[in-house]
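Just below is one structure, and these are the notes that go with it.
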Amino acid sequence: MRISGIGVILDKSRKDKFVLKDIRRADDLIKMAVLAAYDAFVDSGLDNSAKDNLGLILATAFGPHVTTFRFLDEILDYGDANVSPTLFSHSVHNAANSYISSNLGIHGPTLTLTNFSASFYQALLVAQSWLNEGRCENILVGSVEQYGKEMEYILSGVAPELNYKEGSAFFLVSVGECLKKYCSICVLPYRDEFASGFSLATSLLEDKSNKGTQF
Amino acid sequence: MPENIAITGLGSISACGNNTEETLESFSSGKRSAGPVSLFKTELKYPVFEVKNFFNKDISVMRTLNLAFQALAEAVSDASLEDLSGYRVGICLGTTVASQLNDIDFYKTYREKGSAPLERAKRFLNSNLAQAVVDFLKIKTKFCCTVVNACSSGTDAIGLGLSWLRNDYCDIVIAGGADELNRVPFDGFVSLGVVSNSLSLPFDRERSGLNLGEGAGIVILEKESIALRRGRKPDLFLKGYGLAADGYHLTAPHPEGKGLEKALKIALSEAGINVGGVAFVNAHGTATKDNDKVEGVVLKKVFGPKLKFLSTKGFTGHTLGAAGGLEAVFSALALRQGWIPASSGFINQDDEIGISPVQQKTEIKGSHAVSTSLAFGGNNSALVISRN
């Protein structure tokens, strides 16, 4: 499969009025994912007709934990019967994909998956299998993580070696002809090392040699 | 021609039975086992479908995992696959609760003191559903995926397993879904105003919302050639899977059900069958106003007014990420048994829907079943399960 679009968001304070007007109520995790997916789609040069069967795969380790903790605040402060439905609906892992699909007008297959390690690698494997099956010709595949002090406390205790950051990276992967092509990518099902979405995006954006790569 | 993907093992646990045999007894008798919440303290008074006579064997992981292990054991035994060595095995499971660190006691302590014992957090970190099953089975695999597509997670996990097998990534995939009844989503669903304070009435004119439940449903998917090589003669097959996004709203389905209609057509096309070949549809049928109206209208549009369909959520409650796994198991069992149970809770047809689910235990003819799931976020999924 080919990578024809890349979007990377590491700065959640970015003010992109066109995209953000529809996500102003969303949490930072959702905003980062929507912006990265939007950038990757625009970067690919695909037109809107591609959206009807555009696939969408999002990987995350911890999902919207910041919003989950805010929802727990509501339970503790106001009781079971007085919690915010908005916070609850945004605490579900696939809320980010919902925002992406509704904002970009995507009507193809959408999947959110989670794993504490290598979730982005799993997402790429799914993308490759969907393309092989002809389930869709173009897929937005990406990852997102959000920083939160509660998770920082937990991870510093159980996995102090982890460099815990936040951001989102998305790629537009295709089998058909593309206006732009960063590289071809072959996901090897039995490779032992995993790379993150960020490291792949960074290396591709720095190296425009368009050489094929194995991941 | 792609190889057939067989379903060689079934396992389930829910409020209507701790295994498939008990489930069939409940379906046959029409017994509904709802009651007040007993698993956690809450001020809310709504009936729920808890699994009875079940105790968490492993307290180092969440209850969701314990439910999954129970269904897994039955499915693996049903498939005679106690020894998985020598096979390329994938694990693909859906959940909602096990993906979230919604431990109120841990967070309350942390919030008050700025620190809290990490054992409860470790319990969450040990509970990534697919990874925990990999660890439980002591297998090595790169195909380990926890799907978090909200209420369609179980269906989508099974569909993803189908993709892995068709792509020759695996010989065998253990797929399905699991979720426990948990205070946090319980409060959340009540806040959304979609929970009924009486027993749910899927597709009924007077329906007033869903009841929450818990459980796990697991299927063993296997290349037919692998099953035949180890002496099994499969009778059940996973023939098609469709998945499509509404791209419409965070919590409400598209009013015309466009995503569901698309998902159904993709699944039927993959299976190579037309609508006349479908013996029955096991619908998502949560008993909320929006879901049942949209789903019922789409089912009538796609399959016609004579369709035999039902919702099994009148027996299980809405088990969230487990629902798709459980309903795939129930659909497969029905094909094998030759009957579907009454769609529990239904009495009066809703004229806005225009078709009615079956009201009594009903004999089915035909060899194909469809199981549908709709979810938060506008996910729509459909499986086609067939019997030779």
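In what follows, every heavy atom counts, from backbone to side chain, and hydrogens, waters and symmetry copies are set aside. Every chain is numbered from 1 and lettered A, B, ... according to where its sequence line falls, protein lines coming before strand lines.
Between the side chain of B:D187 and the main chain of A:I75, no donor-acceptor pair closer than 3.5 Å is present.
Salt bridge B:K41/A:D80: absent, no basic N to carboxylate O contact under 4.0 Å.
Contact tally against chain B (heavy-atom pairs below 4.5 Å) for A:I100, A:N82, A:V83: the top residue is A:V83. Each of B:T141, B:D103, B:D156, B:D246 has some count of heavy-atom pairs under 4.5 Å with chain A, and the biggest count is that of B:D246.
Residue B:T96: no heavy atom, backbone or side chain, is found under 4.5 Å from chain A. Only the backbone of A:I106 comes within contact range of chain B, with heavy atoms under 4.5 Å apart. Of the two parts of A:S91, the backbone and the side chain both hold a non-hydrogen atom closer than 4.5 Å to a non-hydrogen atom of chain B. Both the backbone and the side chain of B:K108 have a heavy atom closer than 4.5 Å to some heavy atom of chain A. B:H254 does not touch chain A: none of its heavy atoms, backbone or side chain, sits under 4.5 Å away. If you measure heavy-atom distances from B:T95 to chain A, you find no contacts under 4.5 Å at all.
Residues of residues 58-69 of chain A placed with any heavy atom under 4.5 Å of a heavy atom in chain B are listed by number as A:F62, A:T68, A:F69.
Using a 4.5 Å heavy-atom threshold, the side chains of B:L160 and A:V126 count as touching. Counting heavy atoms from C-beta outward, A:K149 and B:Y110 have side chains that approach closer than 4.5 Å. Side-chain contact between B:V148 and A:T114 is present, with at least one heavy-atom pair separated by less than 4.5 Å.
Ring geometry for A:F116 against B:F124 counts as perpendicular: the plane angle is over 60°, on a 0 to 90° scale with 30° as the lower cut.
Pairs engaging residues 259-269 of chain B under the side-chain hydrogen bond (donor to acceptor under 3.5 Å, both in side chains) rule: B:E261-B:K265, B:E261-B:K301 [sequence neighbours left out].
B:N167 and A:N132 share a donor-acceptor pair across their side chains, judged by distance under 3.5 Å alone.
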